Structures are given as C-alpha cells and as structure tokens.
Number of protein chains: 2
Amino acid sequence: MSAESTDHRKRPRRRGEALVNAILEATIEELAEHGYAALTMEGVAERARASKASLYRRWTSRSTLVMDAVYHLLPHPSDIPDTGELRGDLLLLLRRTARTLSGPAGEALRGLLGEALPYPEHAAEIRSRSQGMGRQMMAEVTRRAVARGEIPAEAVAGARLDVGQALLRNHFLFRLEPIPDSLVVEIVDTVLVPLFHTPPYEPSGPGGAPEQEREPVRAPEPWWDREPEPGQDREWERSRER
Amino acid sequence: MSAESTDHRKRPRRRGEALVNAILEATIEELAEHGYAALTMEGVAERARASKASLYRRWTSRSTLVMDAVYHLLPHPSDIPDTGELRGDLLLLLRRTARTLSGPAGEALRGLLGEALPYPEHAAEIRSRSQGMGRQMMAEVTRRAVARGEIPAEAVAGARLDVGQALLRNHFLFRLEPIPDSLVVEIVDTVLVPLFHTPPYEPSGPGGAPEQEREPVRAPEPWWDREPEPGQDREWERSRER
DNA sequence: CATTTTAGGAAACTCGGCGTTCTCTAACGA
DNA sequence: TCGTTAGAGAACGCCGAGTTTCCTAAAATG
C-alpha cells in the first residue's frame with residue numbers, strides 16, 4: 001500500500017447540478033476543440049475532472065450527452081426580432097442562425113447526423129430541436145409582413161419557410177469556415193425577399209405560366225457589391241453582435 | 001463462400017481491379033446496412049472476403065474508403081437532362097438528386113460530415129464532389145432557359161443556384177425518411193420556378209401597396225465562373241501507397 | 001513450363017476508447 | 001453524530017483501428 005504522492009481524494013467534490021454543468025461545459029469545449037467524431041467520453045470526463053461512471057450514470061451514450069450539452073446553448077426561439085420590415089427581420093433571423101452554427105452547436109450538428117441511422121430517435125430529437133425552431137421563426141416573421149401588407153399572403157408557402165435555414169446549413173455543413181455575413185445578406189436579398197414578394201407557380205394555372213408581364217422585382221440593396229461606392233450602407237457588416 | 005475456413009488459403013485470389021471492386025461493393029453494402037457510424041474496416045474486409053491489410057494498402061482510413069466507394073455510384077454530371085422547358089429540367093434534376101440521397105450515398109454523406117473537423121481535407125473533397133456537381137447542373141439548366149428566352153438572365157444569381165439542392169439535403173439530413181416526390185414538386189413549383197422567373201410583384205394589398213424604386217437585379221458575375229473550387233485534383237483516389 | 005516477382009489472406013499484435021464494476025470517501029441530511 | 005447518497009479513481013474485458021509477419025496464389029518473365 002504505498003500511497004502515491006497525489007493519491008489524495010481530497011478534492012472538493014461537486015454533486016448534482018454543479019457537476020452536471022461542469023460536464024456539459026466540458027463537452028462543449030471538447031466539441032469545439034476536436035469536433036464530434038473525435039470527442040470521447042474519457043476526454044470529457046478528464047476535462048471536467050469527473051469520472052466516467054458519473055457520465056454514464058446520467059447519459060447512456062455519447063450522442064445523448066452531446067445533444068444535452070448543445071441544447072443548453074441554443075437561443076430560445078421566443079424572442080423573435082421585429083424591425084418593422086421584412087428584410088430587417090430576415091437579416092436578424094439568419095444572422096442569429098449563422099452565429100449559432102458557427103459555434104460548438106454547429107460542430108455537434110455535423111456529427112449527430114452521422115449517427116442518425118443507428119439511433120433514429122435521436123434524429124427525431126435533433127430535427128425537432130433545430131429545424132422546428134427555424135421554421136417557426138420564419139413563419140412568425142412572414143406572418144407579420146403579411147399583416148403589414150408588405151407581402152401577399154399567398155407568397156408564404158410551405159417549402160419557402162425552410163429556404164433560408166437550408167441555405168445556411170448547406171453552406172455550414174459543406175464548408176468548414178464560419179458563415180460570412182455577406183452570404184446572409186446575399187441570401188436575403190437575392191432569394192428570400194424576392195421569393196416572399198412572389199406568389200407560387202401553379203402548373204395548371206391560368207394564363208400560361210411564364211407569360212406574365214414581367215415587372216422586375218424590387219431589387220433591394222446590392223448584395224455583394226464590391227464597387228467602391230462611398231455611400232454604401234455597410235451597417236450590417238458591423239452589427240455582428242446582438 | 002463455398003470454401004471452408006479449415007481449408008486454409010485455397011480460395012481463388014482476386015487481385016487488382018477485381019479486388020478493389022469487391023471491396024468498394026462491400027463498403028456500399030455495409031454502408032446501406034449499418035450506416036456510416038457503425039461501419040468498420042473489419043466488417044468491410046470480412047464481407048469482401050479480403051484482409052484488412054489489403055484495405056489499408058489502398059486507403060489510409062475509413063473515410064477515404066467510404067468516399068471512394070460512394071464516388072463510384074454518383075451520377076455523372078455530364079448528362080444533364082433537356083426537356084425543353086425549365087420546369088421539366090428542374091424536376092428531372094432534383095429527382096435525380098433525391099434518388100442519390102436516398103441510397104447509400106446519402107448515408108455516407110451524413111457520416112462523413114461528422115469527421116469534417118478532424119479531417120478538413122476530406123470536407124473539401126465532399127464539398128467539391130457533391131456540392132459543386134449540383135450547382136454545375138443547375139447552372140447549365142438555367143443557362144438553357146435563358147438562351148430560350150424563358151427566363152431573364154438577371155434571375156440567375158449566385159445563391160439561387162444552391163436553393164434546390166440545399167432544400168433537398170436539408171430534408172434528407174434531418175429526416176430519416178427518403179425524400180417524397182411531392183417535396184420535389186413542391187420545391188420546383190413554389191420556390192425554384194418563381195425564383196428563376198422573377199415574376200412581377202402584385203400589389204394586391206389594400207391601401208398602400210409598397211411602391212419601392214425598382215432597380216433591376218443585375219447579374220453580378222458570370223455564374224459559371226463562380227465556385228470552381230481550385231482543389232480539383234483527384235489525387236487521393238489514386239492513393240496507391242507502396 | 002519453370003522460375004522469379006508481385007501482391008493477397010490469415011492471424012497476431014499494440015493501442016486506445018467504451019462501458020462496467022469495484023473500493024473508498026466526501027458531501028449531505030436527519 | 002451517524003448513516004446514506006453519490007462522486008473519484010482505478011481496474012477490467014471487449015472491440016475495432018491500424019500494423020506487421022508469415023505464407024502462398026497469381027502474374028510476369030524466360
């Protein structure tokens with residue numbers, strides 16, 4: 001029984017919520033540092049100065065732990081911005097999503113999808129947590145725009161509500177870089193705003209489809225204009241906070 | 001198969017391409033059966049009746065093997081459908097993507113994303129292979145529509161080319177079910193066709209239809225020059241070590 | 001056809017993480 | 001104060017990644 005030099009089990013022991021928080025925090029850090037695929041339970045335990053047994057006492061698997069950890073840092077969908085005009089709301093909404101994706105939550109998202117087949121119930125959870133939220137906020141924002149008379153009610157059709165989030169996720173998942181703000185502006189100006197000002201196409205519709213008199217949609221601001229115009233409003237490039 | 005394991009080393013031995021094909025085929029099957037996360041090199045080797053050494057002689061890791069296997073069953077982007085009208089082309093294009101995603105390629109896509117952080121170079125590969133292809137085909141189809149006079153050239157703006165694929169991937173990644181054809185039709189009719197037609201804004205709102213200044217949307221850069229992504233050398237697929 | 005060269009098969013091996021279980025003890029509660 | 005709960009830490013068996021060794025089948029060469 002040769003007592004090792006640092007054999008002391010004298011550390012102040014955390015229990016309950018304090019321990020849980022430490023573990024979740026460590027999980028987020030490991031996630032941000034190594035990504036999902038390289039995240040190990042042992043790594044989390046060591047970083048949190050906890051034992052693996054403590055982890056398994058609460059979470060049955062890596063994926064449940066990660067989901068739980070990520071859930072605690074997602075923005076709550078309750079507060080939906082209201083700038084008084086559709087474009088401003090959309091910009092705020094997408095910027096928020098972009099910021100969330102650029103953090104550890106995005107890293108988790110990447111990896112959790114890969115385990116969808118073995119654990120279908122997890123996939124359902126991811127979907128309800130991340131996707132439902134985005135569509136809900138889009139629905140609210142467009143509803144307001146319709147109420148304001150800014151856009152026609154028919155323009156708010158099912159799949160359209162997903163377009164913005166889908167484009168952001170698409171960029172994020174397939175590129176490692178964080179989402180540049182210029183992409184957000186581009187999505188809003190070249191896709192979302194025109195789309196929500198336009199009623200959907202009806203294949204059996206009257207008048208023949210592409211035959212309408214084409215009045216150009218309103219072209220908001222230049223979306224990626226590099227021209228050195230001095231009067232350019234680049235306000236949104238600075239409004240990274242929020 | 002017929003050879004008993006006690007009968008050592010009497011099986012007819014495959015070499016070169018025959019062996020490679022057997023391994024890739026086995027990889028696809030394992031992928032479809034267990035998903036990416038549960039795919040093991042040992043499992044692939046056993047199913048292909050090959051040795052792990054034979055795998056590692058050609059592929060340095062699980063992810064490179066999977067990427068190579070998937071690459072061989074992706075539809076070649078060269079043959080792009082031409083139905084004579086934009087809507088028909090879009091339907092064919094998206095249906096093809098939907099079919100691809102519903103197979104083992106989709107399963108691989110899910111899992112490979114989770115390894116993006118540890119292996120950034122893999123992420124670049126996935127991007128150039130799956131995303132670049134989709135955008136390329138979209139670009140071709142819309143180019144034809146413009147040439148036909150079906151849609152205005154200004155309607156073909158950067159981010160719009162990704163909308164269709166992004167929506168499909170979005171659905172696929174967050175729901176386990178295969179993509180229903182109704183979704184494809186919905187995307188085409190409520191999102192893509194209106195978007196590429198940039199149809200007129202109908203001031204149907206009572207009292208104060210928005211009367212903004214209409215500058216036509218201008219095409220920024222030739223879209224076919226965007227995102228060629230310099231890493232086109234497919235060096236790794238010929239990873240002949242030794 | 002005989003011999004050399006190349007490359008695949010099987011199995012053993014190391015290494016590291018998973019998930020479990022054990023002992024010991026700090027923290028808590030009555 | 002004393003029992004109860006729960007966390008720390010270590011050890012364990014297991015499995016798959018990736019490597020290596022030995023042997024031999026298949027191709028290349030004459």
Side-chain angles (χ1 to χ4, degrees), chain A residues 1-27 30-31 33-66 111 114-115 118-119, chain B residues 1-27 30-31 34-66 111 114-115 118-119 122 239-242:
Chain A
M1 293 288 171
S2 60
E4 291 295 72
S5 54
T6 55
D7 199 3
H8 303 292
R9 289 149 185 201
K10 295 270 178 155
R11 288 207 198 105
R13 240 179 232 179
R14 301 148 302 179
R15 310 180 61 151
E17 198 168 339
L19 179 59
V20 169
N21 289 336
I23 293 175
L24 292 181
E25 194 175 325
T27 304
E30 288 282 312
L31 206 49
E33 194 163 318
H34 307 297
Y36 182 87
L39 180 143
T40 69
M41 295 296 260
E42 299 203 337
V44 172
E46 187 181 358
R47 186 188 282 263
R49 291 186 7 252
S51 70
K52 286 200 296 173
S54 298
L55 300 198
Y56 284 106
R57 204 171 291 133
R58 293 178 172 79
W59 299 277
T60 61
S61 70
R62 201 167 60 128
S63 49
T64 53
L65 168 62
V66 169
E115 299 196 345
Y119 306 98
Chain B
M1 299 193 180
S2 54
E4 183 55 35
S5 60
T6 55
D7 203 14
H8 287 311
R9 300 166 192 189
K10 289 300 181 189
R11 292 190 192 125
R13 246 180 228 179
R14 302 147 301 177
R15 320 181 78 182
E17 198 168 340
L19 180 60
V20 168
N21 289 337
I23 292 174
L24 293 180
E25 195 176 324
T27 304
E30 289 280 312
L31 207 50
H34 306 297
Y36 181 87
L39 178 142
T40 69
M41 295 296 261
E42 300 201 336
V44 172
E46 186 182 359
R47 186 187 283 260
R49 290 181 12 246
S51 70
K52 285 203 295 174
S54 297
L55 300 198
Y56 284 107
R57 205 170 292 135
R58 295 177 172 79
W59 298 277
T60 61
S61 68
R62 200 167 60 123
S63 49
T64 53
L65 168 61
V66 169
E115 299 194 345
Y119 305 100
H122 293 181
S239 60
R240 327 179 36 179
E241 208 58 27
R242 283 272 45 178

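Order of the sequence lines sets the chain letters (A, B, ...), proteins ahead of strands, with each chain counted from 1. Everything numeric in this text was worked out from a predicted model, so none of it was measured.
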Problem set entry | Minimum heavy-atom distance A:Leu39-A:Arg62, with the two atoms named |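 The answer is O-NH1, 3.0 Å.
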Gap separating the [atom1] atom of [X] from the [atom2] atom of [Y], nearest 0.5 angstrom:
X: B:Arg58; Y: B:Ile23; atom1: CZ; atom2: CD1; result: 5.5 Å
X: A:Thr27; Y: A:Leu55; atom1: OG1; atom2: CG; result: 7.0 Å
X: A:Thr40; Y: A:His34; atom1: OG1; atom2: NE2; result: 8.0 Å

In whole Å, I'd like the distance from the [atom1] atom of [X] to the [atom2] atom of [N].
X: A:Arg13; N: D:dA6; atom1: CZ; atom2: P; answer: 13 Å
X: B:Leu55; N: D:dG16; atom1: CG; atom2: C1'; answer: 13 Å
X: A:Glu17; N: D:dA6; atom1: CD; atom2: P; answer: 15 Å
X: B:Tyr36; N: D:dA17; atom1: OH; atom2: P; answer: 10 Å
X: B:Tyr56; N: C:dA12; atom1: OH; atom2: C1'; answer: 15 Å
X: A:His34; N: C:dG16; atom1: NE2; atom2: P; answer: 15 Å
X: A:Arg47; N: D:dG9; atom1: CZ; atom2: P; answer: 17 Å
X: A:Leu39; N: C:dG17; atom1: CG; atom2: C1'; answer: 12 Å

Problem set entry | Of B:Arg15 and A:Leu19, the one whose closest DNA chain D nucleotide lies more 5' |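 Result: A:Leu19.
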For this session: Check whether any side-chain N or O of B:Ser54 sits under 4.0 Å from OP1 or OP2 of C:dG9, and answer yes or no.
Result: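 For C:dG9, OP1/OP2 do have a side-chain N/O of B:Ser54 under 4.0 Å.
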For this session: Could you tell me whether the phosphate oxygens of C:dG8, OP1 or OP2, come under 4.0 Å of any side-chain nitrogen or oxygen in B:Arg58?
Result: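 Answer yes for this pair, as a side-chain N or O of B:Arg58 is under 4.0 Å from OP1 or OP2.
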When we call it a touch if two heavy atoms are under 4.0 Å apart, what does [X] touch: a base, just sugar-phosphate, or nothing?
X: B:Ala50; value: sugar-phosphate
X: A:Arg14; value: sugar-phosphate
X: A:Ser51; value: base

Proximity to the side chain of [X] - top-ranked nucleotide from [options]:
X: A:Met41; options: C:dG9, C:dC18, C:dG8; answer: C:dC18
X: A:Lys52; options: C:dT6, D:dG7, C:dG19; answer: C:dG19
X: A:Arg57; options: D:dA6, C:dG9, C:dT21; answer: D:dA6

Exercise. Got more than 12 heavy atoms from elsewhere within 6.0 Å of CD, B:Glu46?
Worked result: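 Check fails, neighbour count at 12 or below.
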Problem set entry | Which residue lies more 5' along DNA chain C, comparing A:Gly43 with B:Glu42 via nearest heavy atoms |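 With A:Gly43 and B:Glu42 compared, the 5'-side residue is B:Glu42.
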